[in-house]
Amino acid sequence: MAKSETPLLDELEKGKWPSFVTEIKKAAEKSPMANDLLHQLELSYKDRIGHWKHGGIVGVKGYGSGVIGRYSDRPDLFPNVQAFHTIRVNHPSGWFYKTDALRSLCDIWDKHGSGLTNMHGSTGDAILLGTTTDHLQTCFDDLSEAGFDLGGSGSALRTPSCCVGPGRCEWACVDSLDLCHHLTMNFQDEIHRPMFPYKFKIKISACPNDCVASIARADFSVIGTWKGDIRIDPAEVEAYASSDLNIQREVCDLCPTRCMEWDGRQLKIFNEDCTRCMHCINLMPKALRPGEEQGATILVGGKAPIVEGALLSWVLVPFMKLEPPYEEIKDLILRIQDWWSENGRSRERLGELIKRLGMRTFLRALDLPATPQMVKAPRTNPYVFFWPEDIQQEVK
Amino acid sequence: MSEDLKERVVAAFREKSKGDKKMFYIRDVTKWFPGEDRHAVQNAVKALIEEDALKYWSSGSTTYIVLAEFFTEG
């Protein structure tokens, strides 16, 4: 048996999981680019160092983002990946494609690039991996003709993304798909022409299950929620009780605020103590449904641990009705971005800026009232700071 | 769009690019003009990029602005 040229990568094909190495090998049979990629990756594993240089070219005519420049630092060994740029394609809201659209995307990429894709990247975009500089504009032209646009990269608004929302989910409290589409169309300039201190991400989940993890991954998180009581169908509660579900142990005892009571016949919910964790609704979907008055909680400041540590988003607006044309939320986003652009240091995310200057400064700039829901960690700070004019008012 | 502001932006880039540093954050650029509205400076930069006098340079996560003659692809 012939000795493998990629013994280290072969290890990544073992086990029962799908392997990206297997996929690159398949592509390498017809693509010299994919073949060189495979061998450069093997060298990276052998040398224990990445062999990519990044940075430089950013896009196509009129765009400052959407293309990420990548170059091999060993073009002598791997000439076919001397330039191996990534193209980010703005995905449709909720990642709903018709197969026709996917076929046309793949055909375009076979024509202009390595044929390798990442469906989808962490940003949500369809990631087309590996093309040369001279193919960027023609590839973009073909993508445009097929109805696609580039996504965000660099110090820009990144492609907004959302969960599948009302398209497939009965718990959706807001139309995440429509909102995501509206915001994407509204903020085209901010996506394509980077003018921010750093990246800015908007992610929308239609219910508190937060399937796109917007609370951890977005500077501006929108999470669907409701006001009022959880709707209960007593007949369905009884049906669950007579099934395998142990309502006391699996539902009531695991409620984080213990706001539910089960006497063996009737389920009571003390809605004023509910934190909308969705645990009970997830376990008893036929019996419990979100309340009737629906909208979203707006949170800000989430980010992954680059430059500074990871942050979860804070509540900024506890409840906002979200209906087309979404003027209120668009205005809020603009005001936040403006404050951040004015005060943020280079490469400082919104959450880091709020931590540096303080939530009260942020709220004052946005002219928003402080509310109890904004308290992120209660009873951790014994100091209360007042604005000087507040003290004067108190004295009078 | 003020032609005067665009000329001043290019002049500032030339002055600041005399040293080793050629690439600047947009935040650096707006700070060079403390008396000017930040949006006006940003719009001037965008217009100059459209005219190919300036270029974006991006690492993928962060974007810089550079005079076209100092732009290097890789």
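Protein chains get the first letters and strands the later ones, always in sequence-line order, with residue 1 at the start of each. Every heavy atom of this structure was used, including side-chain atoms; hydrogens, water molecules and symmetry mates were not.
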Is it true that [X] and [Y] make a salt bridge, defined as a side-chain N closer than 4.0 Å to a carboxylate O?
X	Y	answer
A:Arg347	A:Glu352	no
A:Lys61	A:Asp141	no
B:Glu3	B:Lys6	yes

What part of [X] gets closer than 4.5 Å to chain B, counting heavy atoms only: side chain, backbone, both or neither?
X	answer
A:Asp338	both
A:Thr86	neither
A:Asp73	neither

Under a 4.5 Å cutoff for heavy-atom pairs, which residue among B:His39, B:Met23, B:Glu50, B:Arg27 has the most contacts with chain A?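 Option with the greatest count: B:Arg27.
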Return the option, out of B:Val29, B:Thr62, B:Asp28, with the maximum number of heavy-atom pairs under 4.5 Å with chain A.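 The answer is B:Thr62.
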Using the benzene-type ring in the case of Trp, are the ring centres of A:Tyr71 and A:His85 under 6.0 Å apart?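 A:Tyr71 vs A:His85: aromatic centres under 6.0 Å.
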Reference residue B:Tyr64; test ring pair (Phe, Tyr, Trp, His ring centres under 6.0 Å); the match among B:Phe70, B:Tyr25, B:Phe24: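 One option only clears the test, and that one is B:Tyr25.
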